[in-house]
2 protein chains.
Amino acid sequence: MEPGKAGVGKRIAKGSRRAARVAKPSRSAKRTTPAAKAARPKLSSGDLSHSLGYRIRRAQLWVFKDVSRRLAAFDISPAQFSVLSLIEANPGVNQLAIAQSLSIERAGLGRLVDHLERRGLVQRSASAINRRYYVLYLTEAGTALLARLRPAIAESEKTLAAKIGPRAFSELQRALSVFLQDP
Amino acid sequence: MEPGKAGVGKRIAKGSRRAARVAKPSRSAKRTTPAAKAARPKLSSGDLSHSLGYRIRRAQLWVFKDVSRRLAAFDISPAQFSVLSLIEANPGVNQLAIAQSLSIERAGLGRLVDHLERRGLVQRSASAINRRYYVLYLTEAGTALLARLRPAIAESEKTLAAKIGPRAFSELQRALSVFLQDP
DNA sequence: TATTGTTATACTCTATAACTATA
DNA sequence: TATAGTTATAGAGTATAACAATA
């Protein structure tokens, strides 16, 4: 069958009014279902659930959702936490080294550090020996915040370990350690 | 130390010319380093490498990079592959069921299905019994493409298994299976 | 009134590319 | 010529919010 055949691609504009957007504040949405969601017949996941990529994505969704929720109490994202941790472990690093270590684009990392600097968590100063570099340090505020973030991360892991069992948790940690080497 | 003190936040506009953007086509960039990248001293990852979230992200980077590269040969993303797989395993599903099963927003899924429909891989037709529904089926082209995608995924997993060892691979699969249950 | 799907908006990530300043 | 960093841009993904059609 060729692409674009047999009724495929019809979809007559079902609601083509636009540009209304009056921002009516009342009638606050609740478009996520309360119940009647459990009453739906579950989908077969087919081969998908056997694929490693799918499983890793499920794991990431689970773990990141919980970690993000806990870090959000400090207005910090997982990526920001990683950067703070790396700066603390390597005082005076430059931005490119962090970007490469975390597999983040240097442009994106620059914006991220901008934000941390504006919040007074990171000090960015020009290197004396090579003026192309910015060297990064945690401020006292950054060090203090990081000390409060770590227990939040630990709480998250403890919760997961309790949910899946400490044995399964440590096996998971061990199995994932193969990815810590170079990419 | 308060935020915004002691030289923090200075950053004197180091290159404030903008709006040049002439799109000179020659001199094609090569801004990623050829060598001299191995010569850099490696960063200490500090506590970060012990955190589960960090390990899962490393794993995801590794696996998705390889899978994406292989699927890109068919101009398909991992998310599109998942949707095609789910439609094949559940002919006649509606969009919301897929979105919930994959933890994708329904708005984003709509755009994704739009794309697959335009390529003639998915047929989207109105349900006869409930006219709010679109029911989704793979076209013959979609079925045929999926049959060619699966070996690409299998190749990727085989490559990883060879790299880390079949024992480590199956332990990884088993350890990750705890996330297949409900979130 | 609740549900399915679409559209719009915004914000983040990612990936490129071009540019400045420096080496 | 190569490197560190910034800026701009475009594409995805995510998260809301509003809306139409339908139940």
Side-chain angles (χ1 to χ4, degrees), chain A residues 11-37 39-40 57 61 64-65 68 77-80 93-100 103-115 124 126-127 129-136, chain B residues 11-37 39-40 61 64-65 68 77-80 93-100 102-115 124 126-127 129-136:
Chain A
R11 274 182 76 220
I12 25 66
K14 183 188 181 181
S16 53
R17 266 253 324 286
R18 62 187 65 177
R21 306 206 58 66
V22 200
K24 218 192 304 183
S26 65
R27 205 182 165 196
S28 67
K30 191 201 289 189
R31 88 254 160 283
T32 12
T33 348
K37 164 186 291 185
R40 229 184 305 266
R57 178 173 142 80
L61 283 173
F64 267 59
K65 195 179 123 188
S68 296
S77 71
Q80 291 171 337
V93 277
N94 61 52
Q95 298 188 173
L96 188 57
I98 291 182
Q100 288 174 342
S103 300
I104 296 176
E105 282 296 317
R106 56 186 177 161
L109 181 70
R111 289 189 297 259
L112 199 155
V113 173
D114 272 349
H115 191 248
R124 170 154 56 176
S127 165
I129 56 172
N130 187 331
R131 280 148 67 197
R132 286 178 304 182
Y133 286 26
Y134 279 128
V135 293
L136 305 178
Chain B
R11 274 182 74 222
I12 24 65
K14 184 187 181 181
S16 52
R17 266 250 327 284
R18 63 188 64 180
R21 308 207 55 67
V22 202
K24 217 193 305 185
S26 64
R27 206 187 166 193
S28 67
K30 190 201 290 191
R31 89 251 160 286
T32 13
T33 347
K37 164 186 292 187
R40 228 184 303 268
L61 283 173
F64 268 59
K65 194 179 124 189
S68 296
S77 72
Q80 291 171 337
V93 276
N94 62 53
Q95 298 188 174
L96 189 57
I98 291 182
Q100 288 174 343
L102 293 178
S103 299
I104 297 176
E105 282 294 315
R106 57 184 177 163
L109 181 69
R111 289 190 297 258
L112 199 155
V113 173
D114 273 349
H115 191 247
R124 170 154 58 176
S127 165
I129 56 172
N130 186 333
R131 282 148 66 196
R132 284 178 308 182
Y133 285 27
Y134 280 127
V135 293
L136 304 177

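Just so we're on the same page: letters track the sequence lines, and every chain starts at 1. As the structure is a computational prediction, the values presented were derived from the model and not from experiment.
The CG-P distance, from B:Leu112 to C:dT7, rounds to 15 Å in whole Å. Separating the CZ atom of B:Arg124 from the C1' atom of C:dG5 is a distance of 9 Å, rounded to the nearest angstrom. When rounded to the nearest whole Å, the span between CD of B:Gln100 and P of C:dT3 equals 11 Å. With rounding to whole Å, A:Tyr134 atom OH is found 13 Å from D:dT7 atom C1'. One interatomic measurement links the two molecules: CZ of A:Arg111 to C1' of D:dT7, which rounds to 9 Å at whole-angstrom precision. Between A:Leu96 atom CG and C:dA23 atom P the separation is 16 Å, expressed in whole Å. When the C1' atom of C:dG5 is taken as reference, atom CG of B:Asp114 falls 11 Å away, rounded to whole Å. At whole-Å resolution of the value, CZ in A:Phe64 and P in D:dG13 are 17 Å apart.
In the set D:dT6, C:dG5, C:dA23, C:dG5 carries the atom at the smallest distance from any side-chain atom of B:Arg106. Checking C:dC13, D:dG13, D:dT14 against every side-chain atom of B:Glu105, the shortest atom distance belongs to D:dT14. Nearest nucleotide to the side chain of A:Gln95, out of D:dG5, C:dT16, C:dT4: D:dG5. Of the candidates C:dT9, C:dG5, C:dT3, C:dT3 carries the atom nearest the B:Arg132 side chain, counting heavy atoms from C-beta on. Side-chain proximity of B:Asn94 to D:dG5, C:dT4, D:dT14: nearest is C:dT4.
For the atom pair CD of B:Gln100 and CD of B:Gln95, the computed distance is 12.0 Å after rounding to the nearest 0.5 Å. Interatomic distance, B:Leu96 CG to B:Arg132 CZ, rounded to the nearest 0.5 Å: 10.5 Å. In this structure, B:Lys65 NZ and A:Ser103 OG are separated by 8.0 Å, a value rounded to the nearest 0.5 Å.
Each of A:Ile104 and B:Leu109 was matched to the nucleotide of DNA chain C holding its nearest heavy atom; the match closer to the 5' end belongs to B:Leu109. Nearer to the 5' terminus of DNA chain D, by closest-nucleotide assignment, is the contact made by A:Gly110 (compared with the other of A:Gly110 and A:Arg57). Each of A:Leu61 and A:Val135 has a nearest nucleotide on DNA chain D; the 5'-most of these lies closest to A:Val135. For the pair A:Ile129 and B:Ala107, nearest-nucleotide mapping onto DNA chain C gives the more 5' position to B:Ala107.
Contact detail for A:Leu109 and A:Ala99: the closest heavy-atom pair is CD2-N, 3.5 Å.
Under the side-chain contact (heavy atoms from CB on, under 4.5 Å) criterion, B:Leu102 pairs with A:Leu48, A:Tyr54, B:Ser82, B:Val83, B:Leu86, B:Ile98, B:Ile104, sequence neighbours left out.
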